[in-house]
Colleague: 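Got a structure for you, written out below as structure tokens; questions coming shortly.
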Amino acid sequence: MNRVHRQISFGIAIVIAIFASTGVPMRAAGARVSPHRAARLDAALRAVLDDPASGPQRVIVRVRPERRAAVRQSLTAHGDRILAEHDSIDALTAVVHREDLAELGDNDAILSVSSDAIVRPHGLLGGVVGGVVGGVLGLVGDVVTLAADVLLPNGANTSGPIVAPALLRQTLGVDSSTWAGRGVGVAVIDSGLELSSEFQYRVTKFYDFTNGGAVEKPAFDDYGHGTHVAGIIGGSGALSTNNSYRGLAPKVKFVVLKVLDKMGAGYTSDVVRAIDFAVANKSALGIDIINLSLGHPIFEPAASDPLVQAVERATRAGVIVVAAAGNYGKNPTTGVPGYGGITSPGNAPSAITVGATNVQNTLKRGDDRIPDYSSAGPTWIDAFVKPDIVSPGHNVVAVAAKQGYLYKTYPQLKVDNANYMLLSGTSMAAAVTTGSIALLVEANRSANSYPQHPSLTPNAVKGILEYTALGIHDDAGVEYNALRKGAGSINPKGAIDLGRTVDTSTPTGRWWLTASPSPWTNIGGETLAWNQTILWGTTILWGTTVGVNETAWSSTILWGTDVTWNSTILWGTNVVWTDPQSWANSIVWGADSIGYDSGSTILWGTTGGLTPETTAWQHLSGSSTSSKAQ
């Protein structure tokens, strides 16, 4: 067996761990399914077909144009229950009998059948669900019985110092009142928001999606995750001395869309409806950014995933979408850090997908690390490069929802000031990123006489964040690879410095920087160089990529698709981009990957996409790769 074959014969893949942790059975060895059915049903539903003990399933059925009425009639005739319709994707949410899945999979009127998967907040992805979720599962006799536990999944280590909000702002270079998110609107799609002086006069609207509709209500948060996320983004700090516990952008306005119930669980279909609502009302409600600190395991390609497609629609509409990467950063069996743990909708190409860092509660960035729970790429099935960036997410303090389940149940989450609590996870990292983007958008608009000149597009924001990102390395001094750090560690100060020079009125193809900012940022007395890279699909672009108003920055361009770049150097298909002295952390990229024996190398890139045989867990010591037959 040659070296390449030895390297790509890895067996275990992260999706096994994800399915196991969420109660989804894996397909039995040797089970067969028709090609049409396999193409239309997602992995979770194909597993249900193999399990005679499975009961009715909540599904999202996407249909061909003008066929929805016929499919609805057929489902009703079979005694299946229609729960909702989604005009934006020509789809139905329904509870269907297990035996009807095969017929749906063979029906040419149907494009795809997806699990209406339960979504959870990534800050606490390992637990917090109990009882009947949303009241609908009770209709089909199913009860969710996941362990209630605030620990992150896979025995993740959440120890370490608490990161004070003031220190967080300082290490990000934004601890001033110059930029505060004025005029920027953020839609927090989460468990709600508990009103207090922290958010006084800044909650534009509150809608509850947890009971099958979009019901406007007074704001509340019976779980507590959404309030914490909103506090990181833009709490005013009013409940703390001298407002020292304020969030990153304390002047932003919020539209709060509740999709998670009092135990922190919700349905994919409700999140899709909330995203579509935010897009439809973005002008009326002033929504610039959507924060999604939630998700579910990836069961199908991004092209058919309803949650991913909702994110892509939002991006095309000009709304910036920030998504948590997930907290599946290591093998739950071996404890070894691994790859392929990104969750949906973090696999959306155009989303700004965020992994977590631990800033150690110090101002300088040199001791920042990526915690073991933060999910690494590539994305399951599609092998997209994710995350896009990493941000502080470990032991982050923000305002608490005192009437929420978390605050009442887990006193260990409270900090010295009882109005605040701490949480860890990529949920918090996503919120830090959203708050940072609000500052960037405000700064750019200030320099561009908004609204006379357009605001930065989602793709341009993503490009600026990636280009100005900073390096981050492990305890051995080895830089994390792109599948763990994305383009690098977030640098809001640098992003603002660069963003203020971007003239958004410049025609496509022309130089759009009004000045040439120095490509480094000073934090804590250290001068830190920008990485100056952009992860474009499966390609890393080095060099001058943000100085020109490229077609790539348009909202109409899907992130990662083919575009003609000006003044760039493309490092593509046959390049190992990590330090060749550190093969333990190396990645071989592209359709013609070449393996190496000198350490643990992760290979993928075949035209067939990511498979269990091309994904592996990696020992950071470089001694071997943990694997076993599937």
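Residue numbers count from 1 along this sequence.
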Colleague: Does the pair Y328 and Y373 meet the rule for a ring pair (Phe, Tyr, Trp, His ring centres under 6.0 Å), with working shown?
Modeller: CA-CA 6 Å; Y328 287 106; Y373 55 76; over 10 Å; no
Colleague: For V59 and S115, run side chain to side chain contact (heavy atoms under 4.5 Å, CB included): C-alpha distance rounded to whole Å, both residues' side-chain angles, the deciding distance at 0.1 Å, then the answer.
Modeller: CA-CA 5 Å; V59 297; S115 305; 5.9 Å; no
Colleague: To the nearest 0.5 Å, tell me how far L49 CG sits from R46 CZ.
Modeller: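 Here the rounded value is 9.5 Å.
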Colleague: Please confirm whether the backbone N or O of Y450 pairs with a side-chain atom of N448, one donor and one acceptor, at under 3.5 Å?
Modeller: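 Checking the backbone N and O of Y450 against the side chain of N448, no donor-acceptor pair under 3.5 Å is found.
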Colleague: Measuring from T343:OG1 to L294:CG, what's the distance to the nearest 0.5 Å?
Modeller: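 Those atoms lie 9.0 Å apart.
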Colleague: Is the ring pair Y207/F209 parallel, tilted or perpendicular, if the boundaries are 30 and 60 degrees?
Modeller: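 The arrangement is tilted - the two ring planes meet at 30° to 60°.
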Colleague: Side chain to side chain contact (heavy atoms under 4.5 Å, CB included) for V432 and M428? Distances and angles first, verdict last.
Modeller: CA-CA 6 Å; V432 168; M428 288 60 252; 5.6 Å; no
Colleague: Establish, yes or no, whether the cationic atom of R484 lies under 6.0 Å from the six-membered ring centre of Y339 and within 45° of the ring axis.
Modeller: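 Judged by the rule, R484 and Y339 form a cation-pi pair.
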Colleague: Are K258 and D208 close enough for a salt bridge, meaning some N to O gap below 4.0 Å?
Modeller: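 Looking at D208 together with K258, the answer is no, because their closest N to O distance does not fall below 4.0 Å.
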Colleague: Do any N or O atoms from the side chain of T353 and from the backbone of G346 form a donor-acceptor pair under 3.5 angstrom?
Modeller: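 A pair under 3.5 Å: yes.
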Colleague: Could you report the tightest heavy-atom contact between A323 and A351, atom names first, then the distance?
Modeller: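 Looks like CB-CB, 4.4 Å.
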Colleague: Does any part of the side chain of V322, heavy atoms only, come nearer than 4.5 Å to the side chain of L292, both counted from C-beta?
Modeller: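 They are not in contact (no side-chain heavy atoms under 4.5 Å apart), so the answer is no.
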Colleague: For atom CD of E216, is the number of surrounding heavy atoms from other residues, nucleotides or ligands below 6.0 Å larger than 12?
Modeller: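 Enclosed.
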Colleague: Looking at every heavy atom in both L558 and P349, which two are closest together, and how far apart are they?
Modeller: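 Closest heavy-atom pair between L558 and P349: CD1-CB, 4.0 Å.
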Colleague: Evaluate the ring planes of W559 and W553, with Trp represented by its six-membered ring, and classify them as parallel (under 30°), tilted (30 to 60°) or perpendicular (over 60°).
Modeller: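 W559 and W553: tilted rings.
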Colleague: Any chance the side chains of E194 and T227 put a donor and an acceptor closer than 3.5 Å?
Modeller: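 No - no donor-acceptor pair under 3.5 Å links their side chains.
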Colleague: Any side-chain heavy-atom pair from L285 and F277 closer than 4.5 angstrom?
Modeller: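 Yes, their side chains come closer than 4.5 Å.
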Colleague: For residues T315 and N459, determine if any side-chain heavy atom of one lies less than 4.5 Å from a side-chain heavy atom of the other.
Modeller: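 Touching, per the 4.5 Å side-chain cut-off.
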Colleague: Quick one: does any side-chain atom of D503 pair with a main-chain N or O of S505 as donor and acceptor, under 3.5 Å?
Modeller: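 At least one qualifying donor-acceptor pair exists.
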Colleague: Working note: D90 + R68, criterion salt bridge (charged side-chain N to carboxylate O under 4.0 Å, His left out); need CA distance, chi angles, decisive distance, verdict.
Modeller: CA-CA 7 Å; D90 223 352; R68 201 189 328 167; 2.9 Å; yes
Colleague: How long is the straight-line distance from CZ of R81 back to OG1 of T93, given to the nearest 0.5 Å?
Modeller: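 CZ of R81 is found 12.5 Å from OG1 of T93.
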Colleague: So which heavy atom on V96 is nearest to which on D80, and how close?
Modeller: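 Shortest heavy-atom contact: CA-OD1, 3.3 Å.
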Colleague: One pair to check against salt bridge (charged side-chain N to carboxylate O under 4.0 Å, His left out): R273 and D276. What are the steps and the verdict?
Modeller: CA-CA 5 Å; R273 290 189 304 113; D276 287 344; over 6 Å; no
Colleague: For the pair N347 (side chain) and T379 (backbone), establish whether a donor and an acceptor sit closer than 3.5 Å, ignoring hydrogens and angles.
Modeller: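 Not at all, since once roles are kept as given, no pair shorter than 3.5 Å links the two residues.
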Colleague: For the side chain of K253 and the backbone of V255, is there at least one donor-acceptor N/O pair under 3.5 Å apart?
Modeller: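 No, K253 side chain to V255 backbone: no donor-acceptor pair under 3.5 Å.
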Colleague: Mark yes or no for whether Q309, through its side chain, and A302, through its backbone, hold a donor-acceptor pair below 3.5 Å.
Modeller: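 Flag set: sc Q309 to bb A302 pair under 3.5 Å.
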Colleague: Please find the pair of heavy atoms, one from S489 and one from I389, that lie closest to each other, and give the distance.
Modeller: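 So the two residues come closest at C-CG1, 4.4 Å.
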Colleague: State, without any angle test, whether D116 and S269 hold a side-chain donor-acceptor pair at a distance under 3.5 Å.
Modeller: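 The criterion, which ignores hydrogens and geometry beyond distance, is satisfied for S269 and D116.
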Colleague: Does one side chain, of R313 or S88, offer a donor that lies under 3.5 Å from an acceptor on the other?
Modeller: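 The answer is yes; a qualifying pair exists.
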Colleague: Do F206 and F220 make the cut of ring centroids closer than 6.0 angstrom?
Modeller: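 When the ring centroids of F206 and F220 are compared, they turn out to be within the sub-6.0 Å range.
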Colleague: To the closest 0.5 Å, what do you measure between CG (D305) and CG (D42)?
Modeller: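 That separation rounds to 8.5 Å.
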Colleague: Return the OG to CZ distance between S446 and R182, rounded to the nearest 0.5 Å.
Modeller: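 Result: 9.5 Å between the selected atoms.
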Colleague: Tell me whether N491 contacts the main-chain N or O of T468 through its side chain, where contact means a donor paired with an acceptor under 3.5 Å.
Modeller: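 A pair under 3.5 Å: yes.
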Colleague: Yes or no on side chain to side chain contact (heavy atoms under 4.5 Å, CB included) for H296 and Y267, after CA distance, side-chain angles and deciding distance?
Modeller: CA-CA 10 Å; H296 65 70; Y267 287 111; over 6 Å; no
Colleague: Considering only heavy atoms from C-beta outward, does the side chain of I289 approach that of V252 to under 4.5 Å?
Modeller: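 When only atoms from C-beta onward are counted, V252 and I289 do not touch, as no gap falls below 4.5 Å.
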Colleague: I want to check something: taking the side chain as every heavy atom from C-beta on, are I437 and L439 in contact at a cut-off of under 4.5 Å?
Modeller: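 Counting from C-beta outward, I437 and L439 never come under 4.5 Å.
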Colleague: Does a side chain donor of either T433 or S391 reach within less than 3.5 Å of an acceptor in the other side chain?
Modeller: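 Looking only at side-chain atoms, S391 and T433 do form a donor-acceptor pair, the distance falling under 3.5 Å.
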Colleague: Counting only N and O atoms by type, is there a donor-acceptor contact under 3.5 Å from the side chain of R40 to the main-chain atoms of S112?
Modeller: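 No, the answer is negative, given that no donor and acceptor are paired below the 3.5 Å cut-off.
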Colleague: Between V354 and P387, is any pair of side-chain heavy atoms under 4.5 Å apart?
Modeller: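 No, every pair of side-chain atoms sits at 4.5 Å or beyond.
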Colleague: Could you check if a side-chain atom of R62 sits within less than 4.5 angstrom of a side-chain atom of V71, using non-hydrogen atoms only?
Modeller: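 In short, these two side chains do not touch, never coming nearer than 4.5 Å.
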Colleague: For the pair K262 and D222, evaluate salt bridge (charged side-chain N to carboxylate O under 4.0 Å, His left out) and give the outcome as yes or no after the intermediate values.
Modeller: CA-CA 5 Å; K262 63 182 179 181; D222 48 2; over 6 Å; no
Colleague: What's the spacing between L111 CG and I89 CD1 if we round to 0.5 Å?
Modeller: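 Here the rounded value is 10.5 Å.
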Colleague: Which atom names give the shortest non-hydrogen contact between G224 and S191, and what distance separates them?
Modeller: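 Nearest heavy atoms, G224 then S191: N-OG, 3.8 Å.
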Colleague: Hey, mind stepping through Y467 and L498 against side chain to side chain contact (heavy atoms under 4.5 Å, CB included) and telling me if it holds?
Modeller: CA-CA 9 Å; Y467 189 82; L498 178 59; 3.9 Å; yes
Colleague: Donor-acceptor pair, E466 side chain versus L535 backbone, under 3.5 Å?
Modeller: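 A pair under 3.5 Å: yes.
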Colleague: For the pair E85 and R72, evaluate salt bridge (charged side-chain N to carboxylate O under 4.0 Å, His left out) and give the outcome as yes or no after the intermediate values.
Modeller: CA-CA 10 Å; E85 300 205 23; R72 183 195 312 113; 2.7 Å; yes
Colleague: If only atom types and distance count, is the side chain of N444 paired as donor or acceptor with the main-chain N or O of G499 below 3.5 Å?
Modeller: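 Indeed, once roles are kept as given, a pair shorter than 3.5 Å links the two residues.
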Colleague: Flag the pair K462 / I464 as yes when at least one side-chain heavy-atom distance between them is below 4.5 Å, and no otherwise.
Modeller: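 K462 vs I464: side chains apart.
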Colleague: Does CD belonging to Q452 count more than 12 external heavy atoms closer than 6.0 Å?
Modeller: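 Correct, the count exceeds 12.
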Colleague: Taking all atoms of both residues into account, what is the closest heavy-atom pair of K282 and A317, and its distance?
Modeller: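 Minimum heavy-atom contact is CE-O, 2.9 Å.
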